[in-house]
Every structure is written in C-alpha cells, then in structure tokens.
Student: 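Provided herewith is a single structure, encoded as structure tokens, for subsequent inquiry.
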2 protein chains.
Amino acid sequence: MAKMEKLETADSSTEEKIKEAAAKVFTQKGFAATRTRDIAEEAGINLALLNYYFRSKEKLFDLVMMESLQKFMLGVRDILNDVNSSLTEKISQLASHYIDLLKVNTDLPLFILSEIRANPARLEANMGAKEILLQSNFYKQLEATTKKKVDPIHFLMNIFGLTVFPFVASPLLRIIGEKSKTEFDALMDERKKMIPIWMDAMLKSI
Amino acid sequence: MAKMEKLETADSSTEEKIKEAAAKVFTQKGFAATRTRDIAEEAGINLALLNYYFRSKEKLFDLVMMESLQKFMLGVRDILNDVNSSLTEKISQLASHYIDLLKVNTDLPLFILSEIRANPARLEANMGAKEILLQSNFYKQLEATTKKKVDPIHFLMNIFGLTVFPFVASPLLRIIGEKSKTEFDALMDERKKMIPIWMDAMLKSI
DNA sequence: GTCTATAATTCGATAGAC
DNA sequence: GTCTATCGAATTATAGAC
C-alpha cells in the first residue's frame, strides 16, 4: 500500500506521509494511546509539522477513521448488488474480498470496533453503510432464503463472524494454534473456499 | 510487592468498591482512555485513596485484566472436559455459557482483545488457557471429527466467531438491525439453540 | 483510612526563527 | 514548509493533615 515515494509532488508528499503514519499508529494503538509525537516520528518529520498540516490530533484521527471505514466498504457495494450472482456466490465473493483485505490490514476491524465503542458518535456520521447493506440485492436474497423463519441478521452475524472474527482474535488464535503470520494467512485462504460451503450448510439447516 | 499483611472482610470494603469501579471503567474505555479520577469518582472515593490501595494505575489495570481473563475462562474447563457429553453437546453448552456471560458483560471480549493488541506482553502471563483448551477432551473430540482433513483451529474460529463476534460487533449490528438491547439479547438467546445445529451442519460438510 | 493540596511528568499545541 | 523551543492543560502519584 505504502509504496516508497518514487515521485514527490512537493505539495502533497509530506501531508501524505503523515497521514499514512497516522493510520498505522492509530490503528495499532487506538486514539487514546497514540501520541502525536509517535506519529511524527513514524512519518520522519517534526511534531510541529503535524499540527501545521492537520490542525489537531482529533482532526487527523477523524480523517484516518473516515478512510478506514471507506476502506472497509470499498468494493463491497458492487458485490452486494450484482444481479447475476446467487446468494452463495455473493457470500463467496464477500469472504474472498474481506480475507484479502484483512490479510494486509489485520487490525482494521478491531480498530474500527473499539473506537466506535469508545465514541459511538463517530459512527452516526458514516452510516450510509446501513442503507447500502439493507437495500442491497444481497439482503433481498438473504431474506428470500430465510423466509421469515429466522431473522436475516443472524446470517449477517454468521458471515462476518466466520470471516472477520478470526482476524479480530488473531493474536490469541495464533498463539493457541502456534501459527506464524504466513501460516495464519494460509488458513484464512483455506476459509475462502469453506465459508460459502459452511454458510450453505447453515442456511439449509433452518 | 508483597502486601496483604492485613486481612479485611471483602464484603463492602473500599478496596473491593475500587476494584469494581476500575473493572467497569477500564472495560468501557480501555486502559489509555480511562483516568484514575474517573475510577475514583465511580467508586465514590478520593483519588488519593486509589493509590493508597493499589500502587499505580497500571497495577490496578493488571489486576482487572487478570480477573477479566479468569472470568472468560471460568466454568469452561468443566464443559471442555466432561467425559459424558458429545462434541455437539459441548458446543451447545459453550454457546449457552458464553452468551449468558456476554449478555451481562457485553464488552468483555472487545476489552480483552484490544488491550492484548495494544500490549501483547500482557497475554503471555496468562496463557494457561492454551493448555486447558488443547489438552481438553473437547479438543480431542474435535480432532477426531475433523480427521485431519481440516485444521481443527478452523472450528475454534467458527464457534467463537458465531458466539462471541456478535457481541464484539454489537454497536454496529444493533444499528443495522435496529435492535434494542433487549431485542439483541433475545436474538442471542435464539442463537443458543441454533449454533450447535449450525456447527453440526458445518462439521458434516467437510 | 480518608481527605486536600500539590509536586512531577506527560502531551497537545503554538510561537517564532529560518 | 520545516525546524527548535516552550507554554499550558491534563493527569498520575505523593505529602501531609486529620
């Protein structure tokens, strides 16, 4: 993602470096635990410069959080509304999409979820996600399959539980399973194929 | 280091009040975001008194985290090693156990997971959990069922993904599903019955 | 044991030189 | 734009009276 800066357009290079450093540190340590000095050091610049580009720690954080939420939603809309794919195909695509995303951005979901808990107000700004999801073709297919016997929310929980949760709990799971990062990623790649099969089996069991 | 020269009745002692207040505030806001003043206020005592009983914010936190981890493991050992229950029965008992626990302590898992990410060193102290799990009768039954065709870790991920993840993501899920706390808890109660059925279906699909 | 007051430190933000 | 130096607010921890 962060390519070594080949060409430095003089007006945006430093700003971009700071933003990338901020994303890295905020995501790892959370808002409260990160010091603006850490971000400056990570970006290889001075503390004063951070406040020159972004007026405050909080403004920089809001920017990072907004882009994190976008990163989490980017590309999903197309999968959700594909009129030519079945429910199972969409589940397969969602699993693959998120597993590839989270292999590279492992602590993105834990970051988003813990910061939302710490400050739920941040959420309400960016809840276009709710409409995107509930009005999607995917959700209609899910409702048609569950046929009011079970709340479709259960299967949202299941998809994300199977796909995202392993990354959220990866520090624990990697110790329990004695897996290196590479081995853990390989496990997650296996899940790309298994999750749609498992979801099918679950949907048929109701 | 070695204190506790005086023994006190733990009933409504000040020490206990502080510890409960600390657990509440730390769990809600995380280590970095909580101020010792918040804990003191929540406990209805003075800030100085907190440092009188517990030497520092960090020592108090370590205590709270240790008890949180214990709370998460308490009672699980007996379920895991019950020689008279099948794998499916154990899954059913685990799901019920954790759902009841997390209905009351909703942000316990997010607290544990985010603090471990922020400071992985905290984990290594308390990883007796790993042995409890891997040497349990439950894990042997799981290995026997997957028959080396699939890493049993996948099904650990699945059980906890189906059971714990909904609580971790509850701020988001409750908004998406427009559920009150009561309605959300009712959904989780439904999952007590469904999770073992779903897990069975998944295990048969391999 | 419990309080008030304060010391000591950390951290976000700014002033001002270049 | 970028730096050094520093201010001011917030916060942990302690001293000392009762």
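Note on naming: letters A, B, ... go to the chains in the order of the sequence lines (proteins, then strands), and numbering restarts at 1 for each one.
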Student: When you measure from the side chain of B:Ser68 to the backbone of B:Val64, do you find a donor-acceptor pair of N or O atoms at a distance under 3.5 Å?
Tutor: yes
Student: Could you tell me the separation between the CG atom of B:Asn51 and the P atom of C:dT9, rounded to a whole number of Å?
Tutor: 16 Å
Student: If only side-chain N and O atoms of A:Ser56 are considered, is one of them under 4.0 Å from the OP1 or OP2 phosphate oxygen of C:dG12?
Tutor: no
Student: Identify whether the distance between the nearest side-chain nitrogen and carboxylate oxygen of A:Lys192 and A:Asp189 falls below 4.0 Å.
Tutor: yes
Student: Could you give the CG-to-C1' distance, from A:Asp38 to C:dG12, as a whole number of Å?
Tutor: 13 Å
Student: Between B:Lys103 and B:Asp100, is there a side-chain N and carboxylate O pair less than 4.0 Å apart?
Tutor: yes
Student: Quick one: is B:Tyr52 getting a side-chain N or O under 4.0 Å of the D:dA13 phosphate, OP1 or OP2?
Tutor: no
Student: Does a sphere of radius 6.0 Å around NZ in A:Lys193 hold more than 12 heavy atoms from other residues, nucleotides or ligands, not counting ones at 6.0 Å or beyond?
Tutor: no
Student: Is the distance from OP1 or OP2 of C:dG12 to the nearest side-chain N or O of A:Thr36 less than 4.0 Å?
Tutor: yes
Student: Please report the distance, rounded to the nearest Å, between NZ in B:Lys57 and P in D:dA13.
Tutor: 8 Å
Student: For the residue pair B:Lys57 and B:Phe31, would you count it as a cation-pi contact if the rule is NZ or CZ under 6.0 angstrom from the ring centre and within 45 degrees of the ring axis?
Tutor: yes
Student: Rounded to the nearest angstrom, tell me the gap between atom CD in A:Glu41 and atom C1' in C:dC11.
Tutor: 15 Å
Student: For A:Lys17 and D:dT2, what is the distance between atoms NZ and C1' respectively, to the nearest whole Å?
Tutor: 11 Å
Student: Please assess B:Tyr139 against B:Leu80 for the test side chain to side chain contact (heavy atoms under 4.5 Å, CB included), listing each intermediate value before the final yes or no.
Tutor: CA-CA 8 Å; B:Tyr139 201 75; B:Leu80 257 32; over 6 Å; no
Student: What is the separation between atom NZ on B:Lys59 and atom C1' on D:dA13, rounded to the nearest whole Å?
Tutor: 13 Å
Student: Please state how far atom CD in A:Glu58 lies from atom P in C:dG12, giving the value in whole angstrom units.
Tutor: 12 Å
Student: How does each nucleotide of nucleotides 3-10 of chain D score, in 5' to 3' order, for protein heavy atoms under 4.0 Å: base (B), sugar-phosphate only (S), or none (-)?
Tutor: BB------
Student: Okay, side chain of B:Asn137, backbone of B:Asp82: is any donor-acceptor separation there less than 3.5 Å?
Tutor: yes
Student: Let me know the distance between CD of B:Glu16 and P of C:dG1, rounded to the nearest Å.
Tutor: 14 Å
